[in-house]
There are 2 protein chains.
Amino acid sequence: MNDTSSVPDIVISRLPSYLQTLNQMAKEGWHTVSSKVLAERVGTTAAQIRKDLSFFGGFGKQGTGYSIYHLIEQLQKILNMDRVWSAIIVGAGDLGRALARYQGFAQRGIEIAMLFDIDPKIVGTQIGSVVVRHVDTMESEIQKNNFKISIITVPAAVAQIIANRLVEAGIQAILNYAPVTLIVPGSVQLQNIDPVLQLQRTLYYLSDD
Amino acid sequence: MNDTSSVPDIVISRLPSYLQTLNQMAKEGWHTVSSKVLAERVGTTAAQIRKDLSFFGGFGKQGTGYSIYHLIEQLQKILNMDRVWSAIIVGAGDLGRALARYQGFAQRGIEIAMLFDIDPKIVGTQIGSVVVRHVDTMESEIQKNNFKISIITVPAAVAQIIANRLVEAGIQAILNYAPVTLIVPGSVQLQNIDPVLQLQRTLYYLSDD
DNA sequence: ATTGATATGTGAAAAAAGTCAAAACCGCAT
DNA sequence: ATGCGGTTTTGACTTTTTTCACATATCAAT
């Protein structure tokens with residue numbers, strides 16, 4: 001997952017949830033927070049938060065804690081979130097359309113720029129703020145607009161083919177909703193979202209009725 | 001996450017993806033597989049697969065590998081997947097409705113039994129194979145039917161309230177799509193799905209244009 | 001039967017991740 | 001100024017997880 005970077009991927013993976021909680025606290029009117037309080041809200045330990053942050057330098061003030069505003073700013077910079085990223089969605093089925101309408105992307109700096117599908121009945125229709133384009137134009141749009149991020153919501157059977165095309169066209173990060181294990185080059189960031197896999201993981205702990 | 005169990009949670013969390021790949025291979029006509037080949041398809045190492053499986057006993061045959069059919073059966077049993085589980089969805093917005101129509105649950109042993117919402121305009125309408133019920137009937141239905149699993153797709157502002165009600169009513173596993181950090185008792189399995197958090201995690205690795 | 005190629009299961013070593021606590025530091029009250 | 005309570009830093013320590021490598025087992029071919 002991580003390449004030559006010295007910061008472990010597992011640390012990076014926790015930062016977004018810190019950021020989410022910090023934003024929540026900022027909205028509630030907090031100005032400063034200790035690692036202990038933040039840990040309680042995030043659901044981790046104070047030591048872990050301090051250790052994670054220490055990879056990037058010391059952001060806190062001893063005896064006081066962390067300035068929430070300052071810490072948010074720093075985390076956004078670390079995560080390359082101090083800008084708006086454009087993403088495209090491939091597959092305008094139920095899920096693709098629901099994601100295209102989801103406000104949470106725009107609210108957190110991800111603009112859904114385009115939506116592609118292969119079905120002529122769907123191409124041309126308006127979903128949220130974008131018009132569905134034909135998937136044949138996908139590669140050229142990616143290159144023209146220099147898109148780096150794509151969300152895959154196509155049927156499992158064609159997900160790998162789409163992934164290959166996306167990678168070939170220059171996409172660097174893929175959020176895959178299709179229930180298959182995609183194979184992509186190591187240089188491409190792949191995140192899988194499969195609710196069934198996540199549920200299965202919990203079944204192990206459920207008492208058998 | 002794991003309590004007194006001797007099998008680490010991180011091991012459990014990998015089993016569903018093994019199972020997914022094994023099912024894929026079975027469909028492709030394979031009958032047997034080595035840890036090496038499976039590892040390549042899953043995207044891990046042979047040693048890790050063998051070590052993981054060894055927590056539950058020896059399923060393979062030396063010199064030959066694993067019988068795919070047998071291994072699928074064993075993993076399903078380990079994960080309590082050798083039965084159909086019922087789940088409910090709370091929140092019939094875009095996402096909740098898309099999930100209610102998603103065939104992937106039924107195909108993999110999760111039956112979406114009921115769908116709840118608070119909006120009188122939506123209550124009573126048919127989504128997929130279920131009719132939307134009023135959220136006020138949620139607790140009684142959970143208890144009457146002994147539901148253990150719930151998917152939360154309500155707005156962030158009310159997610160914690162819903163979670164509290166679900167836990168109180170006896171729900172043991174929650175799949176949370178709301179972009180907030182929920183607080184639940186340790187005895188309740190919580191899995192969060194937030195596409196934005198997963199994307200943010202990849203941004204760190206993207207080159208700045 | 002014997003050999004060679006292949007593959008598992010597992011204990012031990014290595015690496016990674018997480019925890020702890022002493023030292024340093026800040027701001028405030030006295 | 002000084003002392004004190006609270007909190008970060010930092011690095012040593014502990015625990016967990018992953019990797020390694022080898023003894024053992026199977027199968028097919030000779």
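Numbers restart at 1 for each chain; the letters A, B, ... are given by sequence-line order, proteins then strands. Quick caveat: nothing in here was measured; it's all calculated off a predicted structure. As a basis for the values below, the full set of heavy atoms in this structure was taken, side chains included, without hydrogen atoms, waters or symmetry mates.
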Polar pairs (N or O, both sides) under 3.5 Å between protein and nucleotides 13-15 of chain C?
none

Short N/O separations, protein against nucleotides 27-30 of chain C, under 3.5 angstrom:
from   : atom 1 : to      : atom 2 : distance (Å)
C:dG27 : OP1    : A:Lys61 : NZ     : 3.3

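B:Lys51 contributes no side-chain N or O that forms a donor-acceptor pair with the base of C:dT10 under 3.5 Å.
In this structure A:Ala106 satisfies the side chain to side chain contact (heavy atoms under 4.5 Å, CB included) test with no other residue, sequence neighbours excluded. When the side-chain hydrogen bond (donor to acceptor under 3.5 Å, both in side chains) test is applied to B:Asp117, no partner is found at least two apart in sequence or on another chain. For A:Ser129, there are no side chain to side chain contact (heavy atoms under 4.5 Å, CB included) partners at least two apart in sequence or on another chain. Among residues two or more places apart in sequence or in another chain, the side chain to side chain contact (heavy atoms under 4.5 Å, CB included) test is passed with A:Gln107 by A:Gln103. For A:Phe105, the ring-ring contact (aromatic ring centres under 6.0 Å, His included) partners two or more places apart in sequence, or in a different chain, are A:Tyr102. For A:Asn145, the side-chain hydrogen bond (donor to acceptor under 3.5 Å, both in side chains) test picks out A:Glu141, with sequence neighbours left out.
Applying the salt bridge (Lys or Arg N to Asp or Glu O under 4.0 Å) rule to pairs touching residues 44-55 of chain B yields B:Arg14-B:Asp52, sequence neighbours excluded. Screening residues 27-57 of chain A for ring-ring contact (aromatic ring centres under 6.0 Å, His included), with sequence neighbours left out, gives no hits. Within the structure, salt bridge (Lys or Arg N to Asp or Glu O under 4.0 Å) contacts touching residues 161-170 of chain A (residues at least two apart or in different chains) are A:Glu139-A:Arg165.
A straight line from CZ of B:Phe55 to P of C:dG9 spans 14 Å, rounded to a whole angstrom. Counting to the nearest Å, the P atom of C:dT19 and the CD1 atom of A:Ile49 are 11 Å from each other. The CG atom of A:Leu71 sits 16 Å away from the P atom of D:dT7 (whole-angstrom rounding). In this entry the distance linking CG of A:Asp52 with P of D:dT8 reads 14 Å, nearest Å. Distance CG (B:Leu53) to C1' (D:dT18): 15 Å, rounded to an integer number of Å. Spacing between atom CZ of B:Arg50 and atom C1' of C:dA12 amounts to 15 Å, rounded to whole angstrom units. The separation between B:Ile12 atom CD1 and D:dT16 atom C1' is 15 Å, rounded to whole Å.
Under 4.0 angstrom from either OP1 or OP2 of C:dT6 there lies no side-chain N or O belonging to B:Tyr66. Look at B:Arg14 and you'll find a side-chain N or O under 4.0 angstrom from OP1 or OP2 of D:dT18.
Closest to the A:Pro8 side chain, of the nucleotides C:dG9, D:dT7, C:dA17, is C:dA17.
If you find the closest nucleotide of DNA chain C to A:Gly63 and to A:Val11, the one lying nearer the 5' end belongs to A:Val11.
The minimum heavy-atom distance linking B:His70 with B:Phe59 is given by the pair ND1-O, 4.0 Å.
Formation of a donor-acceptor pair under 3.5 Å by the B:Arg97 side chain with backbone atoms of B:Ala92 is found in this model.
Of all the residues in residues 35-48 of chain A, A:Thr45, A:Ala47, A:Gln48 reach under 4.0 Å from DNA chain C with at least one non-hydrogen atom.
Taking the charged nitrogens against the carboxylate oxygens, A:Asp94 and B:Arg101 do have a contact shorter than 4.0 Å, which makes a salt bridge.
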